[in-house]
Amino acid sequence: MGVAASAVLLSGCSVLWGWDGTGGVEVGQSGPGTPTDTVAQVEYYPACGNELLEHDGTTWYPFKPTTDWPEPIFDGPTASALGLPHGGRGVAAVAAPGPGDDVGTLVVYDNGIAYWMSDSLTLGTWLTTKRITYNWVC
């Protein structure tokens, strides 16, 4: 294994901050707000788009912004995306998650908005603390 691959394995997934167009702070405006925290190893699996994420006493509801927001940039897959253990499985899934699909990084913004990206970099979703009722069952 090369030095670069070893660095990815050891460093995990990090977020590169900053982009233009984050002046809005409400769902549907120009951006999600200002990032305030990044939490790695958050277990979640958004199989159907209506799964709630419970983390650190906060309930997060998945949603799709009415305008395109730039997603945080993640620099590479983590150890769990390469099939290495991460300490258990999270939310029950409809289909079995692949390596790194059910654990990821949560980027929290200053206004009740967050973005979760799987360690495999294949699943990501916007989240809000505003209660959402979904009209479908998975």
Practice prompt. Report the relative orientation of the aromatic rings in Trp126 and Phe63; use parallel for angles under 30°, tilted for 30 to 60°, perpendicular for over 60°.
Written response: tilted
Worksheet item: Just how far is it from atom OG1 of Thr38 to atom CE of Met117, taken to the nearest 0.5 Å?
Response: 13.0 Å
Discussion item. Donor-acceptor pair, distance only, cut-off 3.5 Å: does the side chain of Asn111 make one with the backbone of Pro32?
Written reply: yes
Worksheet entry | Gln41 and Asp119, any side-chain heavy atoms less than 4.5 Å apart | yes
Practice prompt. Say whether, by atom type as modelled, one donor and one acceptor occur between the side chain of Asp101 and the main chain of Leu123 under 3.5 angstrom.
Written response: no
Worksheet item: Do Leu106 and Trp60 touch side chain to side chain, with heavy atoms closer than 4.5 Å?
Response: yes
Worksheet item: Looking only at heavy atoms, which two atoms of Gly100 and Ser118 are closest? And how far apart?
Response: O-CB, 3.3 Å
Practice prompt. Identify the heavy atoms of Thr105 and Ala40 that sit nearest to each other, and give their distance.
Written response: OG1-CA, 4.2 Å
Worksheet item: Is the closest side-chain heavy-atom distance between Tyr61 and Lys130 below 4.5 Å?
Response: no
Worksheet item: Can you check whether Gly49's main-chain N or O pairs, donor with acceptor, with Glu51's side chain at less than 3.5 Å?
Response: yes
Worksheet item: For the residue pair Leu127 and Trp116, what are the closest heavy atoms and their distance?
Response: CD1-CB, 3.8 Å
Practice prompt. State whether the side chain of Asp110 and the backbone N or O of Gly33 hold a donor-acceptor pair below 3.5 Å, judged by distance alone.
Written response: no
Fill in: Exercise: identify the closest heavy-atom pair between Pro35 and Val107
CB-CG1, 4.2 Å
Practice prompt. Could you give me the CA-CA distance, side-chain angles and deciding distance for Tyr115 and Glu71, then say whether side chain to side chain donor-acceptor pair (under 3.5 Å) is met?
Written response: CA-CA 8 Å; Tyr115 190 83; Glu71 298 171 358; 3.1 Å; yes
Discussion item. Which heavy atom of Ile132 sits nearest to which heavy atom of Pro62, and what is that distance?
Written reply: CD1-O, 3.7 Å
Worksheet item: Which heavy atom in Cys48 sits nearest to a heavy atom in Trp136, and how many Å separate them?
Response: O-NE1, 3.4 Å
